[in-house]
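By convention in this document, chain letters (A, B, ...) are assigned in the order of the sequence lines, proteins followed by strands, and residues within each chain are numbered from 1.
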Amino acid sequence: MSEYRFREIEAKWQQYWRQHQTFRTAEDPERSNYYVLDMFPYPSGAGLHVGHPLGYIATDIIARYKRAKGFNVLHPMGFDSFGLPAEQYAIKTGQHPAKTTDTNIKRFKQQLEVLGFSYDWDREVRTSDPDYYRWTQWIFLRMFNSYFDQQQKKARDISELPIPSGLNNQEKQDYINQHRLAYQAEIAVNWCPALGTVLANEEVVGGVSERGGHPVVRKPMRQWMLRITAYADRLLEGLEQLDWPESIKTSQRNWIGRSYGAEINFPISDFNHAIKVYTTRPDTIFGVTYMVLAPEHPLVEKITTTEQQAQVNHYLVTTSKKSDLERSDLDKTKTGVFTGSYAINPINQQKIPIWISDYVLISYGTGAVMAVPGGDQRDFEFAVAFDLPIIQVVSENGEEEDLDTAYEGHGTIINSGEYNGLHSKDFTKVIIERIEKEALGKAAVNYKLRDWIFTRQRYWGEPIPLIHTQEDGIVAVPEDQLPVILPEVDDYKPTQDGQSPLAKAEDWVNTSSPVDGTPAKRETNTMPQWAGSCWYYLRFADPENQQQLADQEKLKRWSPVDLYVGGAEHAVLHLLYARFWHKVLYDLGIVPHHEPFQKLVNQGMIQGRSNFAYRIQDTNTFVSYNLRKDYKTTPIHVDISLCRNDVLDVEAFKKWQPDLADAEFVLEDGQYICGSEVEKMSKSKLNVVSPDDIVNRYGADTLRMYEMFLGPLEQGKPWSTHGIDGVFKFLRKFWNLFHDELGNLVIEDAEPTAEELKITHQTIKKVGDDIERLSLNTCVSSMMICVNELTALKCRKRAILLELVKLIAPFAPHLAEELWQILGNENSVSLEAFPQYQEEYLKEDSYEYPVSVNGKMRAKMTFALDLAPKQIEQEVLAAEAIKKWVGDKTPKKVIVVPGKIVNVVV
RNA sequence: GCCCAGGUGGUGGAAUUGGUAGACACGUUGGACUUAAAAUCCAAUGGCCAUCUAACGGCCGUGCGGGUUCAAGUCCCGCCCUGGGUACCA
């Protein structure tokens, strides 16, 4: 038995590829182009775990396949290297984030290299590299210098902004500033005290920060914003043509949250004000029994009556102290307070009380609602809590019912004067027409999407390239002075009051005005982590360009990205932001296509499988899994390297940590069995499996094929090495097709038989088709079957083996290179064409039909493929095996599907 | 609550357009080789029944209940469960 020495082979070929620059991106004008991209990683200190490469392996197979199919392939890799962990590490240790980031990147690259990926490393980009963020800053300035033209629905240069006449200079300046795509606003932001920074809405999940899970509070602050809301419609419409998973499209649609309804003004009695509300159900207007303002609504202080003042103030103070988490707690009962004032329903002139409650959000719609407790569950709950009247105006069956919840559906209009009996959907149109005719309001579209809060009070990010001058307000850093380099500071900590750490770099902050040279100060906020990843895929087309972010011709060649593979967790973050930037760049004529990523695939998350030991409380004794119920125990995570199939290596466990040296155990069947649980793979859960370990034991080719073999790319699953032996055995079997027991090469030059050709070409067809539809798990199976069959036939024919090596090359590239060389070829197999199947070898002249009676399979019969269906029918009916089931009845009909099935219906 | 994805042997999973369900692999069992173990190779392996002298068989079966069809894992209706996203969005 000859040995498959994967370690030697893999090291050898990785070096070869490096030396020969085998995977330099080809830009042959005669060939078609294909851009296949991974979501570039944040280089964390933990390195890669076996989950990371899943998508990378898939894209690498595609990249190698497309190259072999004759495409120019762009398959780059880079690092999203600005980010919070490096900065927090710096705060703890004083080590400069650039340094740790650099170390981490080295480690990542090393780990990636070992897996044999065919990246063009000459095109590597790092978002924290000044040569890169120069262009991130440049794009920001383009947004700063643009406005959104509502007529043309596109961004245009700010110099083309029509300015209303009659404004003085200051007013003109303000007008312009208010229309920029990047603008400053004083708004209630998500302030995270623990991180010392503001967060975007997309970064706040359930009231706590997405990173770290720290509480987030609302706080008014002056911030730079990006006008993503202007693009809401285009972001929505653009989704239609994209080949993306439906779930991601749906998430983005929901996040943008376009809804149709009406804005209606409710005059306030005794005040010269009206409350403007937004509603999607103007058809329920006869059911309005009260109004609610958000606590932050500007009218609150104007309309609160003297008697109610104390109560209102008290309520405002309590709500402002609440975190978003507390405010969004759905289980709590509704709170609120009466303002003392009344509004008039403009349709039926009813006088209704105006309340304040924190269930109405200042950030959505107009910050005020017309409350219809009969038709809205939240209003219903509020009405019950404060004993307000409930009127049903929409009914499923036209009858008034005893409501114990709101009826939110559509149906017949009741209790609505002359409109009774209409269907609610028709009434919606009717009432909007009336509202517009009587100038009480107008039809309106609303979005959940908010503008993007773009500033962070952090050190490790792109400085915002703006200068605050004394005379000319805020001005852009001139283009030829980009990049604005991140200054050195002594202390990376943000301040309590929301000042960026950059404010402490006084030499850097104090600068002069680009307009007149007078003293000025730099903007000290930095950009959020997402900035760099909004456009990195463009830079890969032309990473060295010093004149522009990328050459037009090169962008034309490579955009849009043909295949983009990455995690679904970026559905409404990176993937939405990048589309937004891309559309701005498109409007400004910088990119040639209006969407960045044509096809998107989400690879499933590979989870870890944690092991637990059960410590009996207040002792140093551990009890085995199945006996733990007899004791009071606390489970502790055990490093999975100390377990094998859930059996704990007791001695290793004792040596693992000093306090366990004298640990005692309650065993079952002489063993300590650990509990297990599927969790996210992470350092803290001690369940991280590193690809390095697997590569060391089985080789990169085995790991690559095994991760594909595990199941469909899109599916998540816990990591397990059960079955990796099967893949390893397959590669060894493949190796042994070429070698005899002594390790001698045994290849025959004889002509392959028809059977051998058929097996081979069937497999080529199947694998080719499966790669095209990204079904990489079935590719592996098909190749296993092929090798099994050829091994059984003892086929060692050169012509067959040459094809097989090319076929397996995208999956197991090192092994393929080695065998390709053994077969006497000088070139790298990576430069060979993917095999083409020959139709003639696949032709069959007969087919074994499954023959069924009433849909139940009863016999198999072989017929020539060109035999007439009538004749097949006759032979089937004559066959003994079928007669047995038909009996003496006359068949009703016989269905013959040529090449598929015969079914006799009795 | 709402939206999305999914539910197939002991396990991971296959079945691309409705056409032989369980490919391929793991595991398990038995056998060969071996002083022994490991490794390797061979065979069996959805459940139940029949048979076990050999050859052949039968019924059930893709979360549950209905339906369409000559034919349903696949299509339709209703439900249950799991995973993910989202949440006072008016």
Are any of A/R732's side-chain N or O atoms less than 4.0 Å away from OP1 or OP2 of B/rU40? yes
Roughly, in whole Å, what's the span from CG in A/L239 to P in B/rC3? 19 Å
Could you state the atom-to-atom distance from CZ of A/R609 to P of B/rU11 in whole Å? 14 Å
So with a 6.0 Å cut-off around CZ of A/R7, is the heavy-atom count from everything else above 12? yes
Atom CE of A/M705 and atom C1' of B/rC24 are separated, to the nearest Å, by 12 Å
What's the NZ-C1' distance between A/K448 and B/rG85, to the nearest Å? 11 Å
Out of B/rU20, B/rA90, B/rA14, which nucleotide sits closest to the side chain of A/V369? B/rA90
Taking the C1' atom in each of B/rU11 and B/rC4, what is the distance between them to the nearest angstrom? 27 Å
Send over the distance from A/D770 CG to B/rG13 P, rounded to a whole Å. 17 Å
Among B/rC24, B/rG19, B/rG13, the one nearest A/Q715 by side-chain distance: B/rG13
Whole-Å distance separating the CE atom of A/M857 from the P atom of B/rG18: 21 Å
Between A/E707 and A/K717, does at least one N-O distance fall below 4.0 Å, as a salt bridge requires? no
Under 4.0 angstrom, heavy atoms only, what part of the nucleic acid is A/R773 near: base, sugar-phosphate, or nothing? base
Please state the C1' separation for the pair B/rC80 and B/rA15 - nearest whole angstrom. 26 Å
Under 4.0 angstrom, heavy atoms only, what part of the nucleic acid is A/W244 near: base, sugar-phosphate, or nothing? nothing
Distance between P atoms of B/rG73 and B/rG63 (Å, rounded): 10 Å
If you count heavy atoms of other groups shown closer than 6.0 angstrom to NZ of A/K425, is the number above 12? no
Pick the C1' atom in B/rU82 and in B/rA43, then give their distance to the nearest Å. 38 Å
Nearest-nucleotide check on RNA chain B, A/G365 vs A/V572; residue mapping nearer the 5' end is A/V572
Below the 4.0 Å mark, does B/rG1 have OP1 or OP2 next to a side-chain nitrogen or oxygen of A/Q377? no
Select one nucleotide: of B/rA90, B/rG19, B/rU20, the one nearest the side-chain heavy atoms of A/I895. B/rG19
Since syn is defined as within 90° of 0, does B/rG22 count as syn or as anti? anti
If you compare every side-chain N and O of A/K900 against the phosphate oxygens of B/rA71 (OP1, OP2), does one of them come in below 4.0 Å? no
Looking across every strand, which nucleic acid part, if any, lies under 4.0 Å from A/K856 by heavy atom: base, sugar-phosphate, or nothing? sugar-phosphate
Considering only atom C1', compute the distance from B/rU62 to B/rG46 and round it to an integer number of Å. 11 Å
In whole angstroms, how far is the C1' atom of B/rG83 from the NZ atom of A/K680? 16 Å
Rounded to whole angstroms, how far apart are CD on A/Q762 and P on B/rC24? 14 Å
Dot-bracket for RNA chain B, please. Rules: Watson-Crick or G-U, both distances under 3.5 Å, ( ) within the strand, [ ] when a pair crosses earlier ones, | for another strand, . otherwise. (((((((..(((......[....)))((((((.......))))))((((.......))))..(((((..]....))))))))))))....
Flag yes if more than 12 heavy atoms outside A/K276 fall under 6.0 Å of its NZ atom; otherwise flag no. no
Check this one for me: any side-chain N or O of A/N777 less than 4.0 Å away from OP1 or OP2 of B/rA14? yes
Is A/D769 salt-bridged to A/K765, going by a charged N under 4.0 Å from an acidic O? yes
Sugar-phosphate, base or nothing in reach of A/S781, heavy atoms under 4.0 Å: base
Would you indicate which nucleotide in B/rC70, B/rA14, B/rG12 comes nearest to any side-chain atom of A/P712? B/rA14
Rounded distance in Å between the C1' positions of B/rC26 and B/rC33: 24 Å
Can you identify which nucleotide, out of B/rC24, B/rG58, B/rC88, has its nearest atom closest to the A/D358 side chain? B/rC88
Donor-acceptor pair, side chain of A/T778 and main chain of A/S775, under 3.5 angstrom: yes
Using a heavy-atom cut-off of 4.0 Å across all strands, would you classify A/R450 as base, sugar-phosphate, or nothing? nothing
With RNA chain B as reference, determine whether A/S259 or A/W255 sits nearer its 5' end, using the nearest nucleotide of each. A/W255
Salt bridge present between A/K766 and A/D770 (N-O < 4.0 angstrom): yes
Given B/rA90, B/rC70, B/rG12, which nucleotide is nearest the side-chain atoms of A/L710? B/rG12
Contact class for A/K249 vs. all strands (heavy atom < 4.0 Å): base, sugar-phosphate, or nothing? nothing
If you only use heavy atoms from C-beta on, which nucleotide in B/rC26, B/rG12, B/rC60 is closest to the side chain of A/F709? B/rG12
Do A/K334 and A/Y359 form a cation-pi contact, if we require the NZ or CZ to be under 6.0 Å from the six-membered ring centre and within 45 degrees of the ring's axis? yes
Any idea which of B/rC70, B/rA90, B/rC4 is nearest the A/D376 side chain? B/rA90
Options B/rU20, B/rC26, B/rC59, nucleotide nearest the side-chain atoms of A/W885: B/rC59
Taking only residues two or more places apart in sequence, or in another chain, which ones meet A/Y278 in a ring-ring contact (aromatic ring centres under 6.0 Å, His included)? none
Gap in Å between the two P atoms, one belonging to B/rU51 and one to B/rU69, rounded: 40 Å
Sticking with atom P, work out how far B/rA71 lies from B/rC60, rounded to a whole angstrom. 15 Å
Using only heavy-atom distances, decide whether a donor-acceptor pair under 3.5 angstrom links the side-chain of A/K334 to the base of B/rC88. yes
Can you tell me if the side-chain N/O atoms of A/Y364 get under 4.0 Å from OP1 or OP2 in B/rA90? yes
So, does A/R732 use its side chain to make a donor-acceptor pair with the main chain of A/E3 at under 3.5 Å? no
Is A/N788 close enough to B/rA25 that one of its side-chain N or O atoms is under 4.0 Å from OP1 or OP2 there? yes
A/L815 and A/L731: which non-hydrogen atoms are nearest, and at how many Å? CD2-CD2, 3.6 Å
